[in-house]
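In what follows, chains are A, B, ... by sequence order, proteins preceding strands, each numbered from 1.
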Amino acid sequence: MKKVLILDGNSLAFRAFYALPLLTTSEGKYTNALYGFTNMLFKMKEEINPDYIFAAFDRKALTFRHLEYKDYKAGRKKMPSELAEQFPRIKQMLSIMNIKIYEIEGYEADDIIGTIADKCGASGMEVYVVTGDRDALQLASDNINVVITKKGVSETESYTKERMMEEFKVTPQQFIDVKGLMGDKSDNIPGVPGVGEKTAFKLIAEYGSIENVLENIDKISGKKLKENLEAFKEQAVHSKHLATIVKDVPIEFNIEDIKVSEADAKELKKFIIQYQMKSLLNKLPECGEDTEEIKTDINYEKIDSNEKLKSFVDSIKDISFISYELKGTERFSTKVIDNLYVLTGGKSYVIEYSKIENEVESLDLLKKYFEKDEIKKVVHDCKNLITVLSKMNIEVKGMIFDTAISAYLLDSAKQNYSLPKLVNDYLCEDVDEVDSDIKIIENSFMSRLYETLKSKIEEQQMEKLLYEVEMPLCFVLSAMESAGFNVNRNKLDELEVKFREEIDKTQRIIYELCDEEFNINSPKQLGKILFEKLDLPIIKKTKTGYSTNAEVLEKLADKHPVIEKIIYFRQITKIYSTYVEGLKQVIDKDGKIHSSFNQTVTTTGRLSSTDPNLQNIPIKYEMGREIRKVFIPNNEDDIILSADYSQIELRVLAHMAGDENMINAFAHHTDIHTKTASEVFNVPIEEVTSLLRSRAKAVNFGIVYGISDFSLSQDLHITRKEAKQYMDAYFERYPKVKEYLDKTIVDAKKDGYALTILNRKRYIPEISASNKIVKALGERLAMNAPIQGSAADIIKLAMIHVYDELKKNKFKSEIILQVHDELILNVKQNEFEQVKLLVKTEMENALKLHVGLDVDINTGNTWYEAK
DNA sequence: AACGTCACG
DNA sequence: ACGTACGTGACGTTA
């Protein structure tokens with residue numbers, strides 16, 4: 001089947017312009033849109049390998065849409081000149097590539113594309129429309145693919161009709177109706193007021209079209225919605241018309257005009273060099289062998305065959321510096337190596353791994369390199385590399401240094417640890433974000449960065465933390481990500497229905513109680529209803545208006561019956577959107593959820609989990625806790641095992657403070673909150689009531705966070721004075737804790753940072769601020785960082801030990817999750833007793849403290865049961 | 001993109 | 001006389 005590639009010129013240029021930093025040539029000509037556009041074109045051409053190709057552009061002239069609707073695209077800012085000047089260059093590049101350009105007075109690029117795509121589609125060709133604009137989705141059909149750029153221009157998502165129906169539950173045709181209802185701000189298409197994305201999709205999915213919605217207006221629930229639809233009937237229909245891409249643009253079109261033909265290679269190279277887009281040179285589509293003719297100052301060796309790869313691997317002696325690019329936009333399972341950039345022996349190499357033919361041989365060569373322990377590897381962000389390599393059955397050895405992690409240990413407060421940023425921060429060299437990987441390798445920045453970071457790590461005495469904790473941990477995290485958490489999709493579907501019904505029901509009651517329909521999810525609209533219409537007392541304000549958070553609602557609960565319903569609504573919509581809908585989106589092809597565990601995010605040394613976050617799955621309330629029933633073992637016979645440290649933070653505090661009283665309590669396995677209650681309230685252990693215990697628990701929490709009497713009083717609903725008394729009593733009974741916390745603050749003021757048990761450092765500039773509030777914050781940070789951070793140190797050690805032991809014993813059970821003070825494992829039934837003991841032992845003995853560590857183990861057939 | 005909110009330890 | 005717990009990430013709304 002013949003393939004047609006269609007480029008939405010304007011849209012792609014815009015996308016590239018805003019996604020990339022403002023690159024210029026040395027003469028100051030802007031090139032970022034040109035660069036991004038060209039890069040994208042090369043990529044699509046290679047991926048799709050089309051037989052026909054063209055690009056469509058908008059014309060300055062007004063379109064029929066402007067004529068029909070004077071406000072069309074009103075309010076849209078003028079194109080910045082930095083972008084405008086790049087359009088001629090983009091068109092020049094297209095012409096060098098022999099790609100035909102269509103632009104027609106009175107029509108937008110979309111319309112031209114729609115017209116031609118339709119024609120080609122009708123004659124049985126496979127069409128690919130590449131654009132940055134979601135509006136084009138209406139063009140999708142069985143053989144018209146709409147490829148939308150994501151995250152700049154390098155990643156794309158391809159939509160067929162089928163894919164659309166799956167994701168949006170409407171047909172491409174109906175997508176227009178949706179837009180007609182909800183409008184479009186950027187085009188200034190009005191739509192129907194009060195109808196947002198959600199409502200629009202819902203209505204169209206149910207009724208099929210705007211016209212049919214209007215015909216069935218009586219059946220639609222929601223008074224306000226009905227009124228709006230009625231009142232803005234015509235506007236809706238007109239909006240739909242405006243949003244419709246026309247498919248009958250008068251155009252002289254001959255398929256032969258757009259046939260792909262070889263670019264003039266020399267011209268193209270000249271052009272690329274003229275605009276100083278050197279890195280595009282090695283992405284040039286194959287075009288003749290006259291490469292030597294043009295001089296460039298490239299100084300790396302390109303490796304694109306097994307012969308070259310072999311001699312490269314053979315030549316490496318001791319140490320190599322690596323950065324890399326992965327390919328694959330889908331979820332977790334499909335990522336593979338695209339390019340590897342290696343600096344070794346003073347030479348730079350670009351290994352175009354994904355382009356090398358004969359996979360068996362190249363894999364073997366790669367394996368030889370990565371599995372050789374004598375060849376040391378310095379990598380920026382090694383975890384992902386370890387992951388893809390292990391999928392290729394390569395077990396990396398000699399991974400000695402990760403520049404990202406080292407920089408994180410040196411200062412955990414940075415916003416990001418990208419390679420160019422580190423080069424800038426530590427070497428004072430400026431590197432463009434674009435193609436920074438190869439630039440950093442070929443200029444030997446990577447090796448200089450290594451030397452610099454390494455000596456700083458040594459200065460700070462963080463070698464142990466880096467080499468024995470964080471580096472080995474990379475492998476554990478990689479394995480956890482690969483393992484994933486198996487889920488029961490049916491259960492999730494079941495919960496979806498259940499919660500959906502409950503939401504609808506609650507929503508109706510709230511509308512009735514308020515005698516009005518509004519968006520309950522909007523704090524602004526809710527505030528208006530509660531504090532203006534219902535005239536409830538204003539408890540708290542935010543910068544932008546009334547506060548309506550749970551704490552406030554709690555206080556209003558007895559003032560009006562709707563409050564209780566709103567609290568319930570909040571709870572349930574949270575569960576529904578974040579945990580039911582959210583998790584459904586991220587189930588991988590293998591039926592599992594693969595979260596990412598980030599090692600360089602938190603200031604204290606904890607891990608974080610994203611995409612999805614599996615560290616905040618509900619547990620406190622039964623309704624949310626149900627979500628945990630979705631998480632199941634890999635196989636029917638396997639078992640979910642959860643092992644959690646009991647009171648690890650308070651134990652860490654007891655250890656660091658050396659407080660005998662507290663250490664003793666733990667040594668005798670006394671319930672620590674009961675013990676604290678007995679101390680603070682001066683009653684025998686046996687007489688501690690549950691109220692006293694819960695108050696003591698709050699005090700303990702407060703201590704860990706860096707306490708203030710005010711917050712404690714808020715938390716416990718007691719007076720500030722009482723709170724102060726609690727704290728005084730506490731410190732009297734645990735005098736060394738008081739001493740320790742005071743000393744931590746003094747030290748932090750003196751040194752500017754706080755340290756954990758394993759010498760993890762957190763800088764606390766706040767502590768020497770002149771602003772009292774900031775300073776107080778600094779003091780709390782100084783108290784909390786060593787506690788939270790040391791607990792993180794301990795569980796990281798435990799993870800490494802558990803992982804190593806499982807491996808050593810060739811167990812098939814694996815760690816699948818860490819939630820700050822607990823580990824979750826998928827355990828094979830026949831390994832159960834051994835693994836259970838192993839986990840408990842390794843966790844409790846992760847680090848020798850003045851106080852013992854206690855681990856509780858729970859197991860079950862779902863995560864829910866392992867409580 | 002910022003804000004408010006809320007899920008977890 | 002101030003304003004206040006520590007650490008995260010995701011979602012929906014609004015500007």
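- Straight-line distance from the CG atom of Leu777(A) to the C1' atom of dG7(C): 12 Å, rounded to whole Å.
- The nucleotide whose nearest atom lies closest to any side-chain atom of Thr602(A) is, among dG3(C), dA5(C), dG7(C), dG7(C).
- Note: CD1 (Ile703(A)) to C1' (dG7(C)) measures 18 Å, nearest angstrom.
- Of the side-chain N and O atoms in Ser522(A), one or more sit less than 4.0 angstrom from OP1 or OP2 of dT14(C).
- In this structure, CG of Leu614(A) is placed 14 Å from C1' of dT8(C), rounded to the nearest angstrom.
- Under the Watson-Crick or G-U wobble criterion, with both distances below 3.5 Å, dG3(C) has no partner in any strand shown.
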Point to revise | Test side-chain contact (heavy atoms from CB on, under 4.5 Å) applied to Ile520(A) and Ile529(A), step by step | key: CA-CA 10 Å; Ile520(A) 311 167; Ile529(A) 299 280; over 6 Å; no
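- For the C1' atoms, the distance from dC2(C) to dA7(B) is 31 Å, rounded to whole Å.
- When the nearest nucleotides of DNA chain C are assigned to Leu781(A) and Asp709(A) by heavy-atom distance, the more 5′-ward of the two goes with Asp709(A).
- In this structure, Arg500(A) is positioned above the aromatic face of Tyr576(A), its NZ or CZ under 6.0 Å from the six-membered ring centre and within 45° of the axis.
- Residue contacts shown for Ile787(A) are absent, as no nucleic acid heavy atom lies under 4.0 Å away.
- Taken from CZ in Phe597(A) to OG1 in Thr610(A), the straight-line distance is 9.0 Å, to the nearest 0.5 Å.
- Considering only the side chain of Ile707(A), dA5(C) comes nearest among dT8(C), dA5(C), dT13(C).
- Between the CD1 atom of Ile627(A) and the P atom of dA10(C) there is a distance of 16 Å, given to the nearest Å.
- Residue-level contact check: Gly702(A) touches the bases, meaning some heavy atom is under 4.0 Å from a base atom.
- Under a 4.0 Å N-O distance rule, the pair Glu554(A)/Arg570(A) does not qualify as a salt bridge.
- Atoms CD1 (Ile593(A)) and C1' (dA10(C)) sit 14 Å apart, rounded to a whole Å.
- Nucleic acid contact for Val601(A): sugar-phosphate only, since backbone atoms but no base atoms lie under 4.0 Å from a heavy atom of the residue.
- Between the P atom of dG7(C) and the CD atom of Gln599(A) lies a distance of 20 Å, rounded to the nearest Å.
- A donor-acceptor contact under 3.5 Å is formed by the side chain of Ser708(A) with the base of dT4(C).
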Review point. Nucleotide by nucleotide, 5' to 3', does protein get under 4.0 Å of the base (B), only the sugar-phosphate (S), or neither (-) in nucleotides 2-9 of chain B, counting heavy atoms?
Key: -SSSBBSB
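- Closest to the side chain of Thr603(A), from the set dT14(C), dA10(C), dG7(C), is dG7(C).
- In this structure, Glu502(A) pairs ionically with Lys505(A), as a charged nitrogen and a carboxylate oxygen lie closer than 4.0 Å.
- Phe569(A) has its CZ atom 11 Å from the C1' atom of dG12(C), to the nearest Å.
- Gln525(A) comes within 4.0 angstrom of the backbone, heavy atoms only, and of no base.
- Other residues, nucleotides and ligands contribute over 12 non-hydrogen atoms within 6.0 Å of the NZ atom of Lys421(A).
- Checked by atom type, the side-chain pair Glu722(A)/Tyr726(A) shows no donor-acceptor distance below 3.5 Å.
- A cation-pi arrangement, defined by a distance under 6.0 Å to the six-membered ring centre and an angle within 45 degrees of its axis, is present between Lys867(A) and Tyr864(A).
- The P atoms of dT4(C) and dC3(B) are separated by 16 Å, rounded to the nearest whole Å.
- Using a 4.0 Å heavy-atom criterion, one finds that Ala782(A) contacts no nucleic acid atom at all.
- Close to dG7(C), at under 4.0 Å from its OP1 or OP2, lies a side-chain N or O of Arg762(A).
- With respect to the salt-bridge test (charged N to carboxylate O, under 4.0 angstrom), the residues Asp133(A) and Arg15(A) do not qualify.
- What separates CD of Gln714(A) from P of dT4(C) is a distance of 10 Å, to the nearest Å.
- Position along DNA chain C of the nearest nucleotide to Ser577(A) versus Asp715(A) favours Asp715(A) as the more 5'-ward residue.
- Rounded to a whole angstrom, the distance from the C1' atom of dG3(C) to that of dC6(B) is 22 Å.
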